[in-house]
Amino acid sequence: MKTQSMNSDLNKPKNQVRVRFAPSPTGYLHLGGARTALYNWLWARKSNGVFILRIEDTDVERSTKESVQEILGGLTWLGLSWDEGPYLQTDNLPKHVEAAQKLLVSGHAYRCFCTREELEEQRKAAEARKVAFMYDGRCRDLSPEMVDENLRNGMPYVIRFRVPRETSSVVAFEDAVYGRVEKKGQDIEDFVILRSDGRPLYILSNAVDDALDGITHVIRGADGLANTPKQVLIYKALGIDPPIFAHMPLTLDNRKAKLSKRTHGEVVTIAYYREKGFLPWALCNFMALLGWSSGGEQEFFSRDELTEVFDLSKINRSNSIFNYVPGDPRNWTDPKAIHFNATYIRTMPLEELIPFVKHELQEAGLWRGSFENGEKEWFLRTIDLIRARFLTLKDFSFRGRCYFADDFEFDESAVKKNLGKEPRLREFLPELASRMDRLERFEVHSIEEVFRSYSEEKSVKAGILINAARTAVSGTSVGPGLFEMLEVIGKEKVVNRLNKAVELVAS
RNA sequence: GUCCCCAUCGUCUAGCCCGGCCUAGGACACCGGCCUUUCACGCCGGCGACAGGGGUUCGAAUCCCCUUGGGGACGCCA
C-alpha cells in the first residue's frame, strides 16, 4: 500500500544523530542563524553524527539564489561544514502534499471551504472585541454530502489539521532545553497545512522534511517553541516518532528586540564580521557563549574542546542580549566579541594566524611572495611583534602598514606630541640616523645603546628621543618597544625615515 | 487579547535540578595602581546583581504561590 511505503519512508531508524540547519534564503546569514547552525554543528560533531543543510525555499516570492550563496558562503567561512545537502525543501513538495492527503484520508485533517475574506472579517471582529481569534472550526464537521457538493461546485478549500478538542487533550513533549512543555488541545486552532492552491505550509513541510531526512534532534531558536505542539500533532497523526527538540534562547538587541538585518543593519550579518577582520573561530567561540556555558569558568575553547564539552543540557533558557550600542566607534560590535577576536589574534599559534594575515595583506596590496621564502623569518617575527596590540585582521594592513610599506600616514596628534615639542630634534634625528647607519649589527641592543648614549651626551631624556623616533618611523605614538620595532623595520628604512621626519619637527 | 516561555552585576554567565560550602564566583566593559620609552599585554585592587511580595524550612539565589517585568507564538509567512 502506498500509505505503508510512505510510513517506512518517514520513520527512519535513529541509530545515528542527524541534525539540520534549515534557513530560509530570504536574506543574509545573520548572528542568530549562524548560532543555530553552530549549535547543530557542535552537536553533530560531538555525537559523531551528521549535519545536514536544508534550504527552506518554499516561499518562492522572497527566496533568492544570492541569498542561498550568501548562506553557504557564510557557513563555509565560519568553518561549519555540512555532511549532506544543501537539500531544497521545494524538491520534496510532492511528499508534503502526499502527507496532507494522508492526513485527510485518515481523518486527522479536513477540507475547509472558508474564504480568506470571511476569515479576515472574523479576525478583525475578534480584534475589535479584544479577544483572541481562533478559527472556529465551522468546516470541521461538514457532512460528506456537503463536502461533495462544494467540491462539485469547484469551491476552493484548504486542508486544516483536526486538533483534538476533548477538554482532557494535552500535547506534550520533552524539550532538551526547556524540559516538559505542554499545551492544551483547546488552545491550538485547527491550523492550515495545505493552501487552496495545493501548496503545503511550512509547519507541515518542515515536519515531513525532518522525518524524511531522519532528523533525530531539532535544534532551533525558541521562536519555534510555540509551534512545536502543532508539529508534534502532525508527527503523531502521521505515525512518526517525533525528533528530540532542543530550543535555544533567542539573542536580542540591547533594547530587547529580535535581531534583524532590517533594523540593525550589517552589524548582525556574518559577512560584516568577515569584512571587518574577524577570525571565524573567534566569532564562533563568542556566539557559542550567547546562551550556553560549559558550567565552568573557561571561556576560550578550541574547536575540539568546544565539541567535547558542548551539551544540549547546558543551554540556557533565558534570552541573551547582543550588546551592541549603535554609534560607538570603539565598540562597533559587542565589546566581548572584539575581546575574543583580539585575544585569539594575540595568542593563537603563529602558523595558524599567518594565512589570515596573508589574505589581509594581499587584499591591501602589501603582500610579497618573499614573506614565505627569503623573508619568512623576518615576517614571522614582525607579525608576532605587532599582533599583540591588534584587535582585528584589518589592523595588520592599517596600523601595521608602516612595517610593510613606506607610504604610511602620520597621525596628527602623535606628530604634535612627539615631534612638535622639541625643536632640537632637527639636530637629534639626523644625528641618530647617521649613528644608526654606522651600526654594523642593526639589532635591539646596539640600537638601544645608541639611543641611551646619545641621550646622555645631549642631556636629553631618552623618552624624548624614543618617542620622536617612534613617530618618525611609524607615524603614530603607540606600538611595540621602539628598539625591536626599529630592528624589524630595518636599517635603511629607519635611517630614511628619521631623516625625513625632520620636516615634521616644529621650528 | 489568548497561550507558552523566561527572570543573578550595564552585558555574557557560574551557582538553582540534589536548600547550608554564597558576607553570590568568573569574563567583558568601566575606574584606580603596578610594570614601562608609548600603547597594549600581564599582575593587583575597585565599582557592580539574586526583580518585588508572600509562604515552606532551623536555614532559600536555590523549593512553592502571587505580582511585576521581558520575550515568543497566535497567517492560505518561513
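Lettering of chains follows the sequences in order, A, B, ..., and the numbering in each one begins at 1.
Whole-Å rounding puts the A:His30 NE2 to B:A78 C1' distance at 11 Å. Atom-to-atom, CG of A:Asp411 to P of B:U38 comes out at 17 Å; the value is rounded to the nearest Å. Atom OH in A:Tyr324 sits about 19 Å away from atom P in B:A29, given to the nearest Å. In this structure, CG of A:Asp253 is placed 12 Å from P of B:C12, rounded to the nearest angstrom. Taking atom NE2 on A:His96 and atom P on B:C76, their separation rounds to 19 Å, with Å as the unit. One interatomic measurement links the two molecules: CZ of A:Phe340 to P of B:U11, which rounds to 18 Å at whole-angstrom precision. Remark: C1' of B:A27 and CH2 of A:Trp292 are 14 Å apart, rounded to the nearest angstrom.
Residue A:Val181 has its side chain nearest to B:C4 when only B:U11, B:C76, B:C4 are considered. Taking the side chain of A:Leu290 as heavy atoms from C-beta on, and the options B:C12, B:C3, B:C5, the nearest nucleotide is B:C12. Distance from the side chain of A:Arg470 is smallest for B:U38 among the nucleotides B:U13, B:U38, B:C76. Ranking B:U11, B:C39, B:A14 by closeness to the A:Ser293 side chain, first place goes to B:A14.
Aromatic rings from A:Phe300 and A:Phe340 are positioned such that their centres are separated by under 6.0 Å. Taking the six-membered ring for Trp, A:Phe310 and A:Phe301 have ring centres at least 6.0 Å apart.
Figure legend. B:C77 is base-paired to no nucleotide; pairs are counted as Watson-Crick or G-U wobble with both atom distances under 3.5 Å. Using the Watson-Crick or G-U wobble rule with both distances under 3.5 Å, B:U11 pairs with B:A27. The pairing partner recorded for B:C3 is B:G72, the criterion being a Watson-Crick or G-U wobble arrangement whose two distances lie under 3.5 angstrom. Across every strand in view, B:A40 sits unpaired, with no contact that passes the Watson-Crick or G-U test at under 3.5 angstrom. Using the Watson-Crick or G-U wobble rule with both distances under 3.5 Å, B:G19 pairs with nothing in any strand shown.
The aromatic rings of A:Phe410 and A:Phe408 sit tilted relative to each other, their planes meeting at an angle between 30° and 60°.
Note that A:Arg111 lies in the cation-pi zone of A:Tyr157, set by a 6.0 Å cut-off to the ring centre and a 45° limit from the axis. A cation-pi arrangement is absent between A:Arg399 and A:Phe390, since the terminal nitrogen or guanidinium carbon is not both under 6.0 Å from the aromatic centre and inside a 45° cone about the axis.
Comparing B:C9 with B:C3, their C1' atoms are spaced 33 Å from each other, to the whole Å.
Salt-bridge annotation for A:Arg54 and A:Glu56: present, with a side-chain N of the basic residue lying under 4.0 Å from a carboxylate O of the acidic one. For the pair A:Asp384 and A:Arg387, the salt-bridge criterion is met [side-chain N within less than 4.0 Å of a carboxylate O].
Here A:Asn316 pairs with nothing under the side-chain hydrogen bond (donor to acceptor under 3.5 Å, both in side chains) rule; sequence neighbours left out. With sequence neighbours excluded, the residues forming a side-chain hydrogen bond (donor to acceptor under 3.5 Å, both in side chains) with A:Lys258 are A:Asp223, listed by chain and number.
Backbone-only contact: A:Ile321 has heavy atoms under 4.0 Å from sugar-phosphate atoms and none from a base. Here A:Ser320 lies in heavy-atom contact (under 4.0 Å) with sugar-phosphate atoms only. The residue A:Pro156 sits apart from the nucleic acid: no heavy atom pair falls under 4.0 Å. Using a 4.0 Å heavy-atom cutoff across all strands shown, A:Asn316 reaches sugar-phosphate atoms only and no base atom.
At a cut-off of 3.5 angstrom, the base of B:C39 holds no donor-acceptor pair with the side chain of A:Ser477.
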Check: protein-nucleotides 40-44 of chain B nitrogen or oxygen pairs below 3.5 Å:
none

Protein-nucleic acid N or O pairs under 3.5 Å, nucleotides 18-25 of chain B:
{"from": "B:G25", "atom 1": "O2'", "to": "A:Glu297", "atom 2": "OE2", "distance (Å)": "3.0"}

Give me the distances for all protein-to-nucleotides 67-74 of chain B N/O pairs that come in under 3.5 Å?
{"from": "B:G71", "atom 1": "OP1", "to": "A:Lys256", "atom 2": "O", "distance (Å)": "3.4"}
{"from": "B:G71", "atom 1": "O2'", "to": "A:Asn319", "atom 2": "ND2", "distance (Å)": "2.8"}

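Remark: A:Lys314 is in phosphate contact with B:G15, judged by side-chain N or O atoms under 4.0 Å from OP1 or OP2. The phosphate of B:A29 (OP1 or OP2) has no side-chain N or O of A:Asn323 nearer than 4.0 angstrom. OP1 or OP2 of B:A78 sits under 4.0 Å from a side-chain N or O of A:Arg195. Considering only side-chain N and O atoms, A:Arg330 lies under 4.0 angstrom from the phosphate OP1 or OP2 of B:C30.
Comparing A:Pro335 and A:Val158 along RNA chain B, the residue whose closest nucleotide (by nearest heavy atom) sits nearer the 5' end is A:Pro335.
With a 6.0 Å radius and a threshold of 12 heavy atoms from other residues, nucleotides or ligands, A:Lys184 has its NZ atom at or below the threshold.
Each of A:Phe161, A:Tyr110, A:Tyr202, A:Tyr135 was checked for a ring-ring contact (aromatic ring centres under 6.0 Å, His included) with A:Phe191, and the lone residue meeting it is A:Phe161.
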Task: Intermediate values then yes/no, side chain to side chain contact (heavy atoms under 4.5 Å, CB included), A:Gln89 and A:Tyr87 - done: CA-CA 6 Å; A:Gln89 184 160 65; A:Tyr87 298 139; over 6 Å; no

TODO: Using the salt bridge (charged side-chain N to carboxylate O under 4.0 Å, His left out) rule, take A:Arg330 and A:Asp328 through it: C-alpha gap first, then chi angles, then the decisive distance, then the call.
DONE: CA-CA 6 Å; A:Arg330 185 175 152 77; A:Asp328 183 345; over 6 Å; no

Going by atom type alone, with no hydrogens or angles, which donor-acceptor pairs under 3.5 Å involve a side-chain atom of residues 120-133 of chain A and a protein atom two or more places apart or on another chain?
{"from": "A:Glu120", "atom 1": "OE1", "to": "A:Arg123", "atom 2": "NE", "distance (Å)": "3.4"}

